[in-house]
Amino acid sequence: MREVRIYDTLQEKVVPLNPLVPPRVGMFVCGLTPYKPSHIGHARTFVFFDVVARFLRHLGYRVFYVQNSTDIDDKIIRISNEEKVDFFEVSERNFRLYLLNMEALGVRSVNLYARTTDYIPEIVTQIRQLTDKGFGYTVEGGDVFFEIAKFPKFGALSKQKVESVQPGARVEVDARKRSPEDFALWKSAKPQEPWWESPWGRGRPGWHIEDTAITVNVLGPRYDLHGGGSELRFPHHEAEIAQAESATGLSPLAALWMHAGLLNMRGEKMSKSLGNVEPLDETLRKWNPAVLRYFLLSGLYRSPLEYAGTESLQEAERSFETLAAPFRRLNELWSDLARANDQGSRGPELPKEVMTRSRATEERIIGALAEDFQLREATRQLFGWGKEVNSLLAKSEGYSTEALDVLLAPYELADQVLGFFSIDEAPGRGVPVAPSDISSLVELVLAARQRARARGDFAEADRLRADLGEAGVLVEDTPKGPKWKRKEG
RNA sequence: GCCAAGGUGGCAGAAUGGUUAAUGCGACGGACUGCAGAUCCGUUUCUUGGGGGUUCGAUUCCCUCCCUUGGCUCCA
């Protein structure tokens, strides 16, 4: 099987993926705390890890991909109290919306979404292991903490020295802790809070323990790949390592730690501190999901990516149109032949070097991704291939289905792995337009415009085109007659 | 204060110790079109945050300063 090399945050270098039990790959990605609808920043992380899983599977690895959902936490409780509804109603509503949004974005690679509250017994068991071994301690009131001093490796992932961290920089320090760096494993229930029974009394899990309780039970004490957004490196992922390795006695918890760069939100409309980032749901209603997915995959996954709202998506849309146009044309030609029940065997031969280059392009896309997921290089190859396809189609459109398949191959590969074409909502992929749609009216206007053009009344023709434009319909004249599509955004 | 990631053309964003520093968007010109669009061909802009060092040669390695973003126990 092809070797994949990945940047490991812990070792700070690109290393080969060596699955513990090939060809299986156990993969865990820190999911969402669904206290409110997710935004485009979340989408970047999860779309990227979707590509990771897709690519590994494409190469023949059998990936088991687990993602958690923190369906109980302070913010969820706060909101449920404000709304006077059960906490589960809040988290489940937002989580379902998240799943719908992910589906729209083509994220379909997760095998198991694990909710924290479905793993309370496992969580309790793991905390108990930690207290039994002396890593955890209880305090008055029934809270349980992890004692950092017992785990010298703490800080290895983020290269932070515990003593140089500023305690209480953002969150008030709990005076009952032995040391300010100690983190909660179990939080006792306050009034108005949901709770579960435990050996330490009624309460709920701390933030970090769910992930390791889930992975130890689902993926085992050690697994291959751990992913998440880069802001989780410290303290969350450090805490995971400390908990799991202390509880199981096995190391390392994950062979590879991957961290996706954050999406930097620009402009006051999206200020994170103001908490008014547009919900993903809304963004998806305004934009072709393929454009969104393309944008999110347009940089180096480890680096931050600038997001300036509409401006960014407009640029991405134009780029995506360029990228997708040849693919859509090839598909149209293919369906035309299929409809006519014709193999197009009388069409021109495809030059041999084109076949070679088709394969070379596929190979380069795979090569780019196999070397730490160079998404940009992969799409660059696709742009280059598009130019080649456009040139060929400019000479002739009468290729056989066999020839078209060769031209389509790099796109099919890219779609399987990067996945933006199959969620392309723009017309032109042979998707039938619903009868209730405006298409018959548009066709009527276009017919009138064709008549005007035929008699040389271009002023009238241009007026009709402009009017359709006002109504949100873009018209293009082609040798085969006028084509139209709806404006996006 | 500490840790991490960054600073490359109008914008987004790659790359390498060594020919003209990708690609996309934009802009400009040509072909095609009644015009526009799409497409094709061509052009355009950066000497890679400031300073210093190593080297025959650095954007790439080292030092230093400045700036941006993320983290420092709520966050994808």
Side-chain angles (χ1 to χ4, degrees), chain A residues 9 12 29-33 35 38-49 67 70 73-75 78 98 146 148 155 157-174 177 180-184 206-208 227-236 238-239 259-265 272 294-295 298-300 302-308 311-312 314-323 325-326 329 374-377 379-384 386-387 389-391 393-395 453 456-459 461-462 465-466 469 474-479 482-483:
Chain A
T9 311
E12 299 182 274
V29 173
C30 287
L32 204 72
T33 301
Y35 67 101
S38 46
H39 55 71
I40 185 168
H42 299 116
R44 185 191 189 193
T45 300
F46 300 119
V47 164
F48 170 67
F49 284 107
Q67 193 183 110
T70 309
D73 99 313
D74 293 345
K75 282 170 303 219
R78 198 194 67 223
Y98 163 73
F146 185 95
I148 299 261
L157 186 68
S158 58
K159 325 297 167 201
Q160 292 255 67
K161 288 187 187 116
V162 172
E163 57 274 18
S164 63
V165 169
Q166 226 173 34
R170 292 174 71 176
V171 175
E172 224 172 297
V173 177
D174 189 325
K177 292 189 203 177
E181 299 85 36
D182 293 351
F183 58 85
W207 176 33
H208 317 294
S230 58
E231 85 285 11
L232 296 178
R233 231 170 123 172
F234 186 93
H236 183 56
E238 297 282 9
H259 288 98
L262 294 190
L263 198 67
N264 281 340
M265 317 269 187
K272 223 174 143 195
Y294 169 84
F295 169 72
S298 66
L300 217 172
R302 287 191 270 135
S303 302
L305 184 66
E306 297 296 319
Y307 176 63
E311 204 182 304
S312 302
Q314 265 167 358
E315 183 181 326
E317 180 177 55
R318 286 190 290 259
S319 299
F320 182 73
E321 286 300 309
T322 304
L323 190 69
R329 277 179 81 192
Q374 299 171 68
L375 304 164
R376 192 80 189 190
E377 174 61 21
T379 47
R380 190 175 79 108
Q381 290 300 326
L382 220 50
F383 273 108
K387 278 195 166 248
V389 169
N390 278 330
S391 306
L393 293 182
K395 285 184 203 127
R453 290 179 75 201
D457 186 356
F458 295 119
D462 288 350
R465 182 170 59 192
L474 290 178
V475 179
E476 268 179 42
D477 292 313
T478 75
K483 279 189 178 180

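On a predicted model such as this, the values are computed, not experimentally measured, just so you know. Quick note on labels: first sequence line is chain A, next is B, and so on, each numbered from 1.
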Checklist entry - Expressed in angstrom and rounded to an integer, what is the separation of A:Arg376 atom CZ from B:G24 atom P? => result 10 Å
Next on the checklist: Just to be sure I understand the rule, does A:Asp182 reach a base, reach only the sugar-phosphate, or reach nothing, if contact means heavy atoms closer than 4.0 Å?
Outcome noted: nothing
Checklist entry - Which part of the nucleic acid, if any, lies within contact of A:Phe183, taking any heavy atom under 4.0 Å across all strands shown: a base, the sugar-phosphate backbone alone, or nothing? => result base
Item to check | Donor-acceptor pair under 3.5 Å, A:Arg318 side chain vs B:G26 base | outcome: no
Checklist entry - Salt bridge or not for A:Arg318 and A:Glu321, using N-O below 4.0 Å? => result no
Checklist entry - Closest nucleotide of RNA chain B for A:Gly386 versus for A:Gln314: which of these residues is on the 5' side? => result A:Gln314
Checklist entry - Just checking A:Gly456: base, sugar-phosphate only, or nothing, at a heavy-atom cut-off of under 4.0 Å? => result nothing
Checklist entry - How would you label the contact of A:Lys387 with the nucleic acid (heavy atoms, under 4.0 Å): base, sugar-phosphate, or nothing? => result sugar-phosphate
Item to check | side-chain N/O A:Thr379 vs B:G24 OP1/OP2, d < 4.0 Å | outcome: no
Checklist entry - If the P atom of B:U44 is compared with that of B:U68, how far apart are they to the nearest Å? => result 36 Å
Next on the checklist: Any base atoms under 4.0 Å from A:Thr33, or only sugar-phosphate, or nothing? Heavy atoms, all strands.
Outcome noted: sugar-phosphate
Item to check | Any A:Asn264 side-chain nitrogen or oxygen under 4.0 Å from OP1 or OP2 of B:U69 | outcome: no
Checklist entry - Would you say the base of B:G34 and the side-chain of A:Asp462 have a donor-acceptor pair closer than 3.5 Å? => result yes
Item to check | Nearest-Å distance for atom pair CZ/P, residues A:Phe234 and B:A76 | outcome: 17 Å
Next on the checklist: So that I know where these two stand, are A:Phe295 and A:Tyr307 an aromatic pair - ring centroids less than 6.0 Å apart?
Outcome noted: yes
Item to check | N or O in side chain of A:Ser298 less than 4.0 angstrom from B:G24 OP1/OP2 | outcome: no
Item to check | Rounded distance in Å between the P positions of B:U54 and B:U69 | outcome: 35 Å
Checklist outcome for this item: RNA chain B nearest-nucleotide lookup for A:His236 and A:Ala394: closer to the 5′ end is A:Ala394
Checklist entry - Just by modelled atom types, is the A:Leu375 backbone N or O under 3.5 Å from a matching donor or acceptor in the A:Thr379 side chain? => result yes
Checklist entry - Using atom P of each nucleotide, how far apart are B:C3 and B:U39 to the nearest Å? => result 50 Å
Checklist entry - Any idea which of B:C40, B:A5, B:U73 is nearest the A:Pro235 side chain? => result B:U73
Next on the checklist: Among B:A5, B:A15, B:A38, which nucleotide has an atom closest to any side-chain atom of A:Glu12?
Outcome noted: B:A5
Checklist entry - Which part of the nucleic acid, if any, lies within reach of A:Thr322 when heavy atoms closer than 4.0 Å are counted: base, sugar-phosphate only, or nothing? => result sugar-phosphate
Checklist entry - Across the strands shown, which category fits A:Leu393 at heavy-atom distances under 4.0 angstrom: base, sugar-phosphate, nothing? => result nothing
Checklist entry - Between A:Arg233 and A:Leu157, is there a donor-acceptor pair closer than 3.5 Å when you use the side chain of the first and the backbone of the second? => result yes
Checklist entry - Quick one: A:Leu300 CG to B:G6 P, roughly how many Å, whole number? => result 8 Å
Checklist entry - Donor-acceptor pair, A:Arg453 side chain versus A:Ala461 backbone, under 3.5 Å? => result no
Checklist entry - Side-chain N or O of A:Lys395 less than 4.0 angstrom from OP1 or OP2 on B:U39? => result no
Next on the checklist: Suppose you measure atom P in B:G10 against the same atom in B:U48; what distance do you get, rounded to whole Å?
Outcome noted: 14 Å
Item to check | Nearest to side-chain heavy atoms of A:Arg465, which nucleotide of B:A76, B:A36, B:U73 | outcome: B:A36
Next on the checklist: Can you classify the ring geometry of A:Tyr98 versus A:Phe46 as parallel (below 30°), tilted (30 to 60°) or perpendicular (above 60°)?
Outcome noted: perpendicular
Next on the checklist: Has A:Glu238 got a side-chain atom pairing as donor or acceptor with A:Gly155's backbone, closer than 3.5 angstrom?
Outcome noted: yes
Next on the checklist: Parallel, tilted or perpendicular: which one describes the rings of A:Phe320 and A:Tyr294, with boundaries at 30° and 60°?
Outcome noted: tilted
Next on the checklist: Tell me the interatomic distance from A:Glu306, atom CD, to B:G10, atom P, rounded to whole angstroms.
Outcome noted: 17 Å
Next on the checklist: Between B:C72 and B:G53, how many Å separate the two C1' atoms, rounded to a whole number?
Outcome noted: 34 Å
Next on the checklist: Between the base of B:C3 and the side chain of A:Arg233, is one N or O donor paired with an acceptor at under 3.5 angstrom?
Outcome noted: no
Checklist outcome for this item: Between CG of A:Leu262 and P of B:U68 the distance, given in whole Å, is 18 Å
Checklist entry - Between B:C65 and B:A4, how far is it from one P atom to the other, in whole Å? => result 15 Å
Item to check | Test item: A:Gln374 side-chain N/O and A:Leu300 main-chain N/O as donor-acceptor pair under 3.5 Å | outcome: no
Checklist entry - Thinking salt bridges, do A:Lys483 and A:Asp477 make one under a 4.0 Å N-O criterion? => result no
Checklist outcome for this item: Atom CZ of A:Arg380 and atom C1' of B:G24 are separated, to the nearest Å, by 11 Å
Next on the checklist: What's the gap between B:U60 and B:A22 when it is taken at their C1' atoms, as a whole Å value?
Outcome noted: 16 Å
Checklist entry - Rounded to whole angstroms, how far apart are CZ on A:Arg453 and P on B:A36? => result 12 Å
Checklist entry - Quantified in whole Å, what is the C1' atom distance between nucleotide B:G26 and nucleotide B:G9? => result 12 Å
Item to check | Side chain A:Arg302 and base B:A5 donor-acceptor under 3.5 Å | outcome: no
Checklist entry - Side chain of A:Lys75, backbone of A:Tyr35: donor and acceptor closer than 3.5 Å? => result no
Checklist entry - Reckon A:Ser230 touches a base, only the sugar-phosphate, or nothing at all at heavy-atom distances under 4.0 Å? => result nothing
Checklist entry - Could a donor-acceptor pair under 3.5 angstrom be found where the side chain of A:Glu315 meets the base of B:G24? => result yes
Checklist entry - Atom CG of A:Leu263 to atom P of B:A76: distance rounded to whole Å? => result 14 Å
Checklist entry - Name the stems that RNA chain B belongs to, where each is three or more consecutive Watson-Crick or G-U pairs with both distances under 3.5 Å? => result B:1-7 with B:66-72, B:10-12 with B:23-25, B:26-31 with B:39-44, B:49-53 with B:61-65
Checklist entry - If you look at every strand shown and take non-hydrogen atoms under 4.0 Å, does A:Gly228 touch a base, only sugar-phosphate, or nothing? => result sugar-phosphate
